[in-house]
Amino acid sequence: MKIEWAPLHVPLARRLQTLVTAVLTVTFFTLPLLACLVVAVVLFYGGIILRTLMLIYFVYMFVDHKRNYSILEGNGWMINRSNRLYRNYRDYFPVELVKTVDLPPNRNYILASFPHGILGTGVCVNMGLDIGKWLELFPQIRPKVGTLNQHFRTPLLREIVRWWGMVSVSKESLVRLLTKSNDPKHAGNSDGFTSYAVAILVGGAQEAMDSHPGKYILTLKNRKGFVKMAIRTGSPIVPTFSFGEVDIFDQVANPPDSLLRRVQSVVKKLTGISPLIPVGRGIFNYSVGFLPQRRRIVQVVGSPIDVVKSEQPDAAYVDKVHGQVIEDLERMFDLYKEKYIPNSKNSKLVIQ
């Protein structure tokens, strides 16, 4: 394979973006393992004081998760959700956010987000790491990103993902957030915000396994849990689509009938995580490495789909709302693909 090297004369701003992206990418891929490793080292090699502090932390973590599912109320510390470091990461691709309609801050929302891609970069940047643009377009609405519940049971990792505005996608956690009061006078809204928007990457690990450049394959036909949650809590569903998400990484070929895919599926079933083998670019070349490619990602936020609240969602009604989500995604894809996807004539949306 011929290596395409980066030129020597690259603007300093771009070099800084690449450096920040390299650091964050390594962090994203290795953080769960590193967190467990640090805890193991402290428990094995640490003295009585360190071990005692770690045990106290374990108790705190257990109690806090049982009490409020590790939810960090409000927007958390803004220094962790909008700073120059994350701005460089945003600008590397760049990641953009497009509003199609206003979202009144008198409701809590589920953002059904597609596609997952390898890391869900567009959604995680706009609604997790660098939320300044979100707050500008959707004032008074706190953005949160749903992720695996097990992350909040992992020491140290738990604290970092909370700082990034992430919450567990467990049923209990989502109900707690989506039933929060929207009354401006409520004590929980003293920060001036009256609403929550929780982004759920519905396709999850299964959809990630189908992520390849130019291929928009969504895992959605049998994913109805988010619809049931919306109905139980009376939360509108807002379809969102991140154009370009699948283009920043390729991965080692894993067709459905391959040995690699079978192994990935088994691991996903056991752990909830797909062991992907991403293929990107390097720090000094554009051909091979662990960095994502510089590809524009545009997250388009669609119109809310209102639902009738019911503690026991009717199956027929769930199917009706689910079908509307699919129709809105297909409409959104057709409406914006020419604007945000290069060579869009070859791009098709596949929902499976």
Side-chain angles (χ1 to χ4, degrees), residues 98 100 109-124 126-127 144-149 169-171 174 178 197-233 235-247 249 251 254-256 261 264-265 268-269 272-274 276 297-307 313-337 340-341 344 347-352:
V98 174
T100 58
Y109 301 91
I110 290 179
L111 268 67
S113 305
F114 301 89
H116 186 288
I118 300 296
L119 289 173
T121 302
V123 170
C124 289
N126 284 325
M127 302 184 67
K144 299 286 186 179
V145 180
T147 189
L148 294 175
N149 186 59
V169 289
S170 68
K171 176 182 176 181
L174 293 177
L178 295 170
V198 184
I200 300 177
L201 289 156
V202 177
Q206 182 64 43
E207 193 171 278
M209 289 193 291
D210 290 318
S211 181
H212 293 275
K215 295 184 178 180
Y216 288 90
I217 303 174
L218 310 187
T219 300
L220 177 57
K221 281 187 177 179
N222 296 317
R223 299 288 175 101
K224 300 179 182 180
F226 72 101
V227 177
K228 295 176 183 177
M229 177 58 64
I231 295 172
R232 288 192 183 101
T233 60
S235 305
I237 299 173
V238 183
T240 82
F241 203 98
S242 293
F243 294 89
E245 182 70 53
V246 299
D247 296 327
F249 277 113
Q251 59 178 308
N254 60 342
R261 176 62 74 95
Q264 289 174 330
S265 297
K268 180 185 74 66
K269 186 175 182 179
I273 299 174
S274 300
L276 307 178
I297 301 174
V298 183
Q299 181 190 1
V300 178
V301 180
S303 301
I305 300 171
D306 289 323
V307 299
D314 176 72
Y317 183 55
V318 170
D319 288 342
K320 177 183 177 182
V321 175
H322 185 262
Q324 189 173 349
V325 172
I326 291 177
E327 290 177 6
D328 283 10
L329 285 168
E330 291 174 334
R331 189 181 306 113
M332 188 182 300
F333 185 81
D334 290 337
L335 182 61
Y336 292 101
K337 68 177 183 178
Y340 298 128
I341 301 178
S344 61
S347 297
K348 295 181 179 179
L349 182 65
V350 178
I351 298 178
Q352 58 185 22

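Just so we're clear, the structure is a prediction, and the values are computed from it rather than from any experiment.
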Subject >> Derivation and outcome, side chain to side chain contact (heavy atoms under 4.5 Å, CB included), residues L178 and V198 >> reply: CA-CA 8 Å; L178 295 170; V198 184; 4.1 Å; yes
Original post:
Which heavy atom of S303 sits nearest a heavy atom of T100, and at what distance?
Top reply: N-OG1, 4.0 Å
Original post:
Would Y317 and V227 count as a side chain to side chain contact (heavy atoms under 4.5 Å, CB included) if you check the C-alpha gap in whole Å, the side-chain angles of each, and the deciding distance to 0.1 Å?
Top reply: CA-CA 10 Å; Y317 183 55; V227 177; over 6 Å; no
**OP:** Look up atom OG1 in T121 and atom CZ in F249, then write down how far apart they are to the nearest 0.5 Å.
**Re:** 7.0 Å
Original post:
Taking all atoms of both residues into account, what is the closest heavy-atom pair of V238 and V301, and its distance?
Top reply: CG1-CG1, 3.6 Å
Subject >> Nearest atoms (heavy-atom pairs only) where Q299 meets G122 >> reply: OE1-O, 3.8 Å
Subject >> Test side chain to side chain donor-acceptor pair (under 3.5 Å) applied to T233 - qualifying residues, sequence neighbours left out >> reply: S235
Original post:
What closest approach, in Å, do G272 and L148 show between heavy atoms, and which atom pair accounts for it?
Top reply: O-CD1, 3.8 Å
Original post:
Taking all atoms of both residues into account, what is the closest heavy-atom pair of F226 and I200, and its distance?
Top reply: CB-CD1, 4.5 Å
Original post:
Can you check whether G244's main-chain N or O pairs, donor with acceptor, with Y216's side chain at less than 3.5 Å?
Top reply: yes
Can you give me every donor-acceptor pair (side chain of residues 318-326, partner residue at least two apart or in another chain, under 3.5 Å) with its distance?
from: D319; atom 1: OD1; to: K224; atom 2: NZ; distance (Å): 2.6
from: H322; atom 1: NE2; to: L220; atom 2: O; distance (Å): 2.8
from: H322; atom 1: NE2; to: R223; atom 2: O; distance (Å): 3.1

Subject >> Intermediate values then yes/no, side chain to side chain contact (heavy atoms under 4.5 Å, CB included), T147 and V169 >> reply: CA-CA 6 Å; T147 189; V169 289; 5.7 Å; no
Subject >> Donor-acceptor under 3.5 Å (D328 side chain, P239 main chain) >> reply: no
Original post:
What closest approach, in Å, do I297 and S242 show between heavy atoms, and which atom pair accounts for it?
Top reply: CG2-CB, 4.2 Å
**OP:** Indicate yes or no for a side-chain donor-acceptor contact from Q352 to the backbone of I217 under 3.5 Å, with no hydrogens or angles considered.
**Re:** no
Original post:
Measuring from K337:NZ to S347:OG, what's the distance to the nearest 0.5 Å?
Top reply: 7.0 Å
Original post:
When rounded to the nearest 0.5 angstrom, what distance separates CD in Q206 from CG in N222?
Top reply: 10.5 Å
Subject >> Spacing of CG belonging to N126 relative to OG1 belonging to T240, to within rounding of 0.5 Å >> reply: 9.0 Å
**OP:** Determine whether E207 and F114 make a side-chain contact, defined as any pair of heavy atoms from C-beta on separated by less than 4.5 Å.
**Re:** yes
Original post:
Do the charged groups of D210 and R261 touch, with an N to O distance under 4.0 Å?
Top reply: yes
**OP:** Output the distance between atom CD (Q251) and atom CG (N254), rounded to the nearest 0.5 Å.
**Re:** 4.5 Å
**OP:** Please confirm whether the backbone N or O of Q264 pairs with a side-chain atom of S274, one donor and one acceptor, at under 3.5 Å?
**Re:** no
Subject >> Spacing of H116 atom NE2 and L201 atom CG [to the nearest 0.5 Å] >> reply: 5.0 Å
Original post:
Given the rule in the ring pair (Phe, Tyr, Trp, His ring centres under 6.0 Å) test, do Y336 and F241 qualify, once you have shown the distances and angles that lead to the verdict?
Top reply: CA-CA 10 Å; Y336 292 101; F241 203 98; 9.7 Å; no
Original post:
Do S113 side-chain atoms and L111 backbone N/O form a donor-acceptor pair below 3.5 Å?
Top reply: yes
